[in-house]
Structures are given as C-alpha cells and as structure tokens.
Protein chains: 2
Amino acid sequence: MTLSGEPAFEDMTAKARLRETALRLFAEEGIEGTTVRDIARMSGVSLGLIRHHFGSKDGLRAACDTYAIEQMVHLKKEIILDGKLADRESMSSFHPRMLVLIRYVARSVCDGSPSADAMFSQIVSSTQDWIEAQFPGEFADPRMQAALVVATEIGILVMHKQFSDVLGADALSPKGHLQLARAKVEFYSKPLISPEVAATALETIEKLQDSPNSKQHEEGGAAC
Amino acid sequence: MTLSGEPAFEDMTAKARLRETALRLFAEEGIEGTTVRDIARMSGVSLGLIRHHFGSKDGLRAACDTYAIEQMVHLKKEIILDGKLADRESMSSFHPRMLVLIRYVARSVCDGSPSADAMFSQIVSSTQDWIEAQFPGEFADPRMQAALVVATEIGILVMHKQFSDVLGADALSPKGHLQLARAKVEFYSKPLISPEVAATALETIEKLQDSPNSKQHEEGGAAC
DNA sequence: TCATATATGATACATTTGTATAGTTACATG
DNA sequence: CATGTAACTATACAAATGTATCATATATGA
C-alpha cells in the first residue's frame, strides 16, 4: 500500500491498472497521443478489456476524469489533516501523487477534454479559498487572481520541459522542484509592476473600456 | 493589405494561404487535431498541393514555425517603432496578429513540437530584457522570473476557454482582453506571499536542499 | 455439479489520415 | 508558337487506430 492507500500497481485489478496507466499516459502523452493498445500493453492486459470495462476510449477517459477529481479532493484533505502540513497554507504540488493528478488536469485542458472546465474550476476554487483566507478584501476579484495563479502553476507543468532547460535540472524531479520553488517564492512575493505604472495602466485600460473603439492595442505591463 | 503588410487572405498565393490556414488551425485545434484535408479545404485548394509546396504535414508545420518566429521578431520591432507604444514597456498581446502567433507557440509547446523550445526561449529572452531593464539587479535569476511570466501568459492562452468562464466574456475578444488586463495588472503588482512568509519559505527550501532526503513535501506558498 | 455471469483474449472491421502517383492546367521563355 | 517548368487536381495506397465480434477461462451461486 502506498501512502495514499492504493495497492501497488501489480496488486491492482486489471480494471484499476488500466485506469492508472491511462491516467499516466494521458497526462504524459496527451489523450489523442495515447493509443488504447499502448494502455492495454502497459497494463499487461489485452485490448478488448478496455471495451469490456469502460466501453470505449472515451469511457476510459471519463473514468479517469472522475477518479482524478475524487482523488484530488481526497488527497487535499489527507494532506491538510496530516500534521506536517497542517500549519502551511500550501497545497501539494510537492506530493508526487498530486503532481500526476494536476499534470492530468493540465493535459485535459490542453486537449480540450469535456471535464477540463470542472477540474479547472475546482482547483481555482481551492486556490481562491486560500487567497481569501490570506488576504481578506485585498483583491477586487479574488477568483480571477486565483485563476491567474492556476494559470501560472499549470503553465509551468505544461512547459516543464522548457523550464527544465532554464533550471538546468528536471523541473519534475525533487531537485528541480526545489529550485523552482525558490523562484516561485520570489515571483509571488515581488511585484513586477510598480504601483505608479500599475496606476497609469489601470487608467489607460479604463479609458479603453469606456471608448468603444476596441481596435486600439496598449497595455501597462505583462511583457510577453 | 493589413497593418502588418500582408495581403488579404483571398489575395494570397495558394502557398501562403496554406501556411496561414495551417498556422491558425494548428493554434486552435492542435497539430495532431488538424488534418491536412482540413487545411487544404479551408485554403480552397486540393490536398496534393500541401505535398507539392511543403513536402509533408511536418514540412508545413516547420514552415509555420520559422514563419511564426520571423513574424514575432518583425512584429515586435514594428510595434516598438510605432509611436503609440514607444513609451510603453509592454509587448503586444493586444495586437491581434501577435495573439495568433503566441497562440501558435502555446499550442506548439502543448503538443511537444520540436521548435517549441526555440520559440519559448525567444519569448523568455524578450521578457527577460524587459525585466532587467525595469528592475536591474532586483531578481536573483531574471531569466527564471521571465520564464514564470511567460508561463502565466501562455497558461492564460492555453486556458482561455476556462478564463472566459471566470471573466464572463470571451477572453480573446477585445472586451474580455481588457478585463483580463485589469486583473493581470493587479496580479503582477500585488504580492501573493508576504515578506515574512517568503523568508520562512526560502529557509525551509534551503533546508530541504541541503538535506538529501528529498521525499519530504512542503512549500511556502503557491497554492495550487 | 452445473449453470450463469463476469473477466479476459484473439481477431476482424471500418474509418481516418498522411503519403505517394499520375495526370492536367497555366504560364513563362526561347 | 512551341516547349518545358511549375502550379494544381484527382485518386489510389498503406498504416494506424478505435471499435465490434466471437471464443475462452474463471469464478460464483443454486
């Protein structure tokens, strides 16, 4: 049994192995990029079993969706109840199991999976709770701020290969993750737009919002 | 002719139409998710012409890559030289043409395209220049901070559908883009981790980096 | 024990999709 | 005008892939 209470891969039923393999392959290679034959082979079963247990590839994906969502809330509770993290506001991108789940969400969003909206919404809500607890009344639209944090975090996962180049270490390895954590602390604690620039930028934006000539293009930061 | 100097779609040569359609479809539907038949039909030409001009689908993708990179540096210069933006540090996610190009980059990263690394690197460098000009010596690793900004910006594009839900408007429309810009100004100007929390977080991370028992999972922020 | 349902496997099928080939038109150039 | 080269089309081909069908084994319960 792992820390999270699942049996080891070899001890799982064929159905569970299929779901587990699919979750991982979908996360790593994308949904389109994963073939049912790959999933079956890596689960040590035959092709037909996917149809038998899940009806179709899309049925298997749907099973992964509900399982991932259920696991995320479960893991979050488990981690919060865990004494070591009870006093920390952080969630659990450090927990390897959570990493897999969030990578699955990231890929679902990229691939336009039907459940992506629900999964995204859930993670945003969780982040929003944290923001509102930490900075009550500080932000005009806490949900939007939460969404931006999620965009950053999931963006890092989507671009983990490119981040590994910048880091000089695998961003998903423990070592790289720690380096990345340092950088993220700096990113989230130091503003990249000064108050003055922010003020004028907001002014400009408001002016543009009032005038309907939406053709104009200007912005006050966020180089990209 | 458009502002950027390209002829209108109907006036383009078949080869240019194919490249333009491919760029858009690859960006919107993904590379795997786009068929050469779709590209040909939407370009108003026959299937074989893709092979004639580009050799293969992958050849067409490569042509889009080099074109996108060339266009990005070209557009950036053009926008900077443009008087209206000369005094602003912002780059040009507001420019509709740049939006298409960056969406193409975002999709290339998602799909693991071979040129994704180069495109990402270029955008990060551009952002890094801006950061170093704005805040000289402020950040320990400016390139890493730039990468995090790019992760946020590209993450927003990847999740634009979900962001539209939060915004209550299409995130890629002028109206939604302005709303989003307001939120981004707040995001980049207000810290989400207080200095005290940041300090203790960095301490914790350093402790973990020294001790090789990388199994531990903790972090000092970045709820996700 | 026998029967029935569930689990599992082997194989065939149809569709999609990228690629290859051959033919046709248009256009420049001598 | 002749001719050849590039642009372009129509169609055929082969591989990959999700799905369906049929057969077999295993377990469970009357």
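Below, chains carry the letters A, B, ... as their sequence lines are ordered, and counting in each starts from 1. Note that the structure is predicted; figures quoted are calculated from it, not measured.
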Starting at atom [atom1] of [X], determine the distance to atom [atom2] of [N], rounded to an integer number of angstrom.
{"X": "A:Ile50", "N": "D:dT19", "atom1": "CD1", "atom2": "P", "answer": "10 Å"}
{"X": "A:Lys57", "N": "D:dA16", "atom1": "NZ", "atom2": "C1'", "answer": "11 Å"}
{"X": "B:Arg41", "N": "D:dT9", "atom1": "CZ", "atom2": "C1'", "answer": "16 Å"}
{"X": "B:Asp38", "N": "C:dT16", "atom1": "CG", "atom2": "P", "answer": "12 Å"}
{"X": "A:Asp58", "N": "D:dT17", "atom1": "CG", "atom2": "P", "answer": "17 Å"}
{"X": "B:Arg51", "N": "D:dA10", "atom1": "CZ", "atom2": "P", "answer": "18 Å"}
{"X": "B:Ile39", "N": "C:dT17", "atom1": "CD1", "atom2": "P", "answer": "12 Å"}

Fill in: Approximate separation, where rounding is to 0.5 Å, of A:Leu49 CG and A:Lys15 NZ
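Reported value, rounded in 0.5 Å steps: 10.0 Å.
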Atom pairs under 3.5 Å: protein N/O with N/O of nucleotides 3-10 of chain C:
from  : atom 1 : to      : atom 2 : distance (Å)
C:dT8 : OP2    : A:His53 : NE2    : 3.1
C:dG9 : OP2    : A:Ser46 : N      : 2.7

Practice prompt. Between A:Gly33 and A:Gly55, name the one whose nearest nucleotide on DNA chain D is closer to the 5' end.
Written response: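 Going by which nucleotide is closer to the 5' end, it is A:Gly33.
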Worksheet item: Is any side-chain heavy atom of B:Phe26 less than 4.5 Å from a side-chain heavy atom of B:Asp111?
Response: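 Side-chain contact under 4.5 Å: no.
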Practice prompt. Evaluate the side-chain proximity of A:Glu153 to A:Lys184: yes if any heavy-atom separation is below 4.5 Å, no if none is.
Written response: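 A side-chain contact under 4.5 Å exists here.
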Worksheet entry | Cation-aromatic face contact B:Arg19/B:Tyr67, 6.0 Å, 45 degrees |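 Judged by the rule, B:Arg19 and B:Tyr67 form a cation-pi pair.
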Worksheet item: Base, sugar-phosphate, or nothing: which does A:Ser43 touch, judged by heavy atoms less than 4.0 Å apart?
Response: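 If one applies the 4.0 Å heavy-atom cut-off, A:Ser43 turns out to touch nothing in the nucleic acid.
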Item to complete: Just jot down the side chain to side chain contact (heavy atoms under 4.5 Å, CB included) partners of A:Arg37, sequence neighbours excluded, or say none.
Response: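 With neighbours one apart ignored, the set is A:Thr35, A:Leu47.
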Worksheet entry | Partners passing side chain to side chain contact (heavy atoms under 4.5 Å, CB included) against B:Arg24 (at least two apart in sequence or in another chain) |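 If we apply the side chain to side chain contact (heavy atoms under 4.5 Å, CB included) test to B:Arg24, skipping adjacent residues, the hits are B:Thr21, B:Glu28, B:Met42.
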Worksheet entry | Pair of N/O donor and acceptor under 3.5 Å linking C:dG18 base with B:Arg37 side chain |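 Indeed there is one.
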